[in-house]
Amino acid sequence: ARFKRAMKSATEIFGNDAFRKRYVPNDRRKPINKALFEVWSVLLSKLDERECASLISQKEQVILAFIDLNNQDDFYYAITSGTGEKSKVIRRFTDVKSLISTILESS
């Protein structure tokens with residue numbers, strides 16, 4: 001049930017760009033990225049319904065913050081090459097968790 005809620009939330013926030021890299025708001029559609037699927041599916045599944053609804057209601061802020069994150073070198077490398085390395089897994093989970101926390105705290 002939590003996984004289904006996470007998938008629904010990701011789709012409601014990102015639409016067809018769920019689990020895809022994005023560098024500018026009107027970027028062309030990129031392939032699904034396994035590292036992004038991993039981090040978003042796990043972290044969204046840990047949120048309760050109220051938190052998911054809050055992120056969905058603030059999806060524009062989530063998308064802009066995520067675009068900014070994609071443009072940061074350390075995060076870019078954590079989702080692009082050697083994605084199984086412990087340091088890169090930790091980096092992407094830390095960064096996306098921070099993004100989610102910041103958005104939720106602002107609501």
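Keep in mind that the numbers below use all heavy atoms, side chains included, and drop hydrogens, waters and symmetry copies.
- Ring pair Tyr23/Tyr76 is tilted by interplanar angle, where 30° to 60° counts as tilted.
- Of all non-hydrogen atoms in Val89 and Thr83, the two that sit nearest each other are CG2-O, 3.4 Å.
- To the nearest 0.5 Å, the span separating CG on Leu99 from CD on Gln61 amounts to 11.0 Å.
- With rounding to the nearest 0.5 angstrom, the CG atom of Leu104 is 4.5 Å from the CG atom of Leu55.
- How far CD1 of Ile79 is from CZ of Arg20: 13.0 Å, rounded to the nearest 0.5 Å.
- When the shell of 6.0 Å around NZ of Lys8 is examined, it contains 12 or fewer heavy atoms from other residues, nucleotides or ligands.
- Here the closest heavy-atom approach between residue Arg5 and residue Ser45 is recorded as NH2-O, 4.0 Å.
- No side-chain N or O of Lys88 forms a donor-acceptor pair with one of Thr80 less than 3.5 Å apart.
- Within the 3.5 Å criterion, the main-chain N or O of Thr102 finds no donor-acceptor partner in the side chain of Glu105.
- Within the model, atoms CG of Leu36 and OG of Ser41 stand 10.0 Å from one another, a figure rounded to the nearest 0.5 Å.
- Within the 3.5 Å criterion, the main-chain N or O of Asn16 finds a donor-acceptor partner in the side chain of Arg29.
- Linking Ile, Leu, Val, Met, Phe, Trp and Tyr residues whenever their side-chain heavy atoms come within less than 4.5 Å leaves Phe75 and Ile90 in two separate clusters.
- Expressed to the nearest 0.5 Å, how far CG of Leu43 lies from CG of Leu47 amounts to 7.5 Å.
- Going from atom OG of Ser98 over to atom CD1 of Ile103 covers 10.0 Å, rounded to the nearest 0.5 Å.
- Counting only heavy atoms from C-beta outward, the side chains of Ser87 and Arg91 never approach each other to under 4.5 Å.
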Could you go step by step and tell me if Asp27 and Arg22 meet the salt bridge (charged side-chain N to carboxylate O under 4.0 Å, His left out) rule? CA-CA 6 Å; Asp27 209 357; Arg22 182 170 274 295; 5.1 Å; no
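- Side-chain atoms of Arg92 come within 3.5 Å of backbone atoms of Ala78 as a donor-acceptor pair (strictly under, hydrogens ignored).
- Ring to ring, Trp40 and Phe66 are close: their centroids are under 6.0 angstrom apart.
- For the residue pair Cys52 and Leu44, the shortest heavy atom distance occurs at SG-O, 3.9 Å.
- The shortest side-chain heavy-atom distance between Ile67 and Pro25 falls under the 4.5 Å cut-off.
- The two atoms that bring Ala18 and Ile32 nearest to each other are O-CG1, 4.3 Å, heavy atoms only.
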Is there a ring pair (Phe, Tyr, Trp, His ring centres under 6.0 Å) between Phe19 and Phe14? Walk through the geometry before answering. CA-CA 8 Å; Phe19 317 119; Phe14 298 105; 7.7 Å; no
